[in-house]
Amino acid sequence: MASPREDAKARAREIAKALHMLYGRPPSITWTEEGHLRVSLRLTEQPDEALTMATLRVMEQGDRYGHINRLDWQAIWTDVHVKMPEEKQ
């Protein structure tokens, strides 16, 4: 049985793989200060509607996702939480 961290890593890798297939370049996977895995990809072009919808379907596989929009760059990200098993009482 895989540990919660290994499960989260596997989910993050699957999301990263799907984003890589959509955009043709690999996203980064990093640990956040909160202990989650973040899959992020800097956008180099404005995606069309079909790519946007496909991206949203991939991002929804994470536990929380969003978009960063700055004057000179944009990025998308999704967090994968490490889900600890509930304690038995």
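The line from CG of D48 to CE of M53 is 11.5 Å long, rounded to the nearest 0.5 Å. Of the inter-residue distances, the one linking L41 atom CG with M59 atom CE reads 8.5 Å to the nearest 0.5 angstrom. In this structure, the separation between CG on L56 and NE2 on H67 is 10.5 Å, given to the nearest 0.5 Å.
Minimum interatomic distance between H36 and V82 (heavy atoms only, all atoms of both residues): ND1-N, 4.3 Å. Between A16 and I29, the shortest heavy-atom distance links the atoms CB-CD1, 3.7 Å. For G62 against T78, the heavy-atom pair with the smallest separation is CA-OG1, 3.3 Å. Closest approach of V80 to A8, counting heavy atoms only: CG1-O, 3.6 Å. Closest approach of T44 and R25 over heavy atoms only: N-NH2, 3.4 Å. Summarising the geometry of D63 relative to H81, their closest heavy-atom pair is OD2-N, 2.7 Å, with the distance given to 0.1 Å.
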Please lay out, stage by stage, how V58 and L22 fare under the test side chain to side chain contact (heavy atoms under 4.5 Å, CB included).
CA-CA 10 Å; V58 170; L22 287 173; 3.9 Å; yes
Before you tell me yes or no, could you show the steps for T32 and L37 under side chain to side chain contact (heavy atoms under 4.5 Å, CB included), namely the whole-Å CA-CA distance, both residues' side-chain angles and the distance that decides it to 0.1 Å?
CA-CA 6 Å; T32 68; L37 281 166; over 6 Å; no
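In this structure, the side chains of W73 and L43 stay at 4.5 Å or more apart for every pair of heavy atoms. The closest side-chain heavy-atom distance from K83 to P4 is not below 4.5 Å.
Although no hydrogens or angles enter the test, the distance criterion places no donor-acceptor pair under 3.5 Å between the side chain of S40 and the main chain of I76. Of the possible donor and acceptor atoms, none in the side chain of N69 sits under 3.5 Å from a partner among the backbone N and O of Q74.
Taken together through direct or relayed side-chain contacts under 4.5 Å among Ile, Leu, Val, Met, Phe, Trp and Tyr, V39 and I68 form parts of separate hydrophobic clusters. Transitive grouping of hydrophobic side chains (ILVMFWY, heavy atoms separated by less than 4.5 Å) brings Y65 and L51 into a common cluster.
W77 does not carry R42 over the face of its six-membered ring by the limits of under 6.0 Å from the centre and within 45° of the normal.
With R13 as reference, K9 is the one residue of K9, R11, K17 to meet the side chain to side chain contact (heavy atoms under 4.5 Å, CB included) rule.
Electrostatic pairing of E60 and R57 does not count as a salt bridge here, judged by no charged N lying under 4.0 Å from a carboxylate O.
Within a 6.0 Å radius of CD in E49, no more than 12 heavy atoms belonging to other residues, nucleotides or ligands are found.
A side-chain donor-acceptor contact under 3.5 Å links T55 and Y23.
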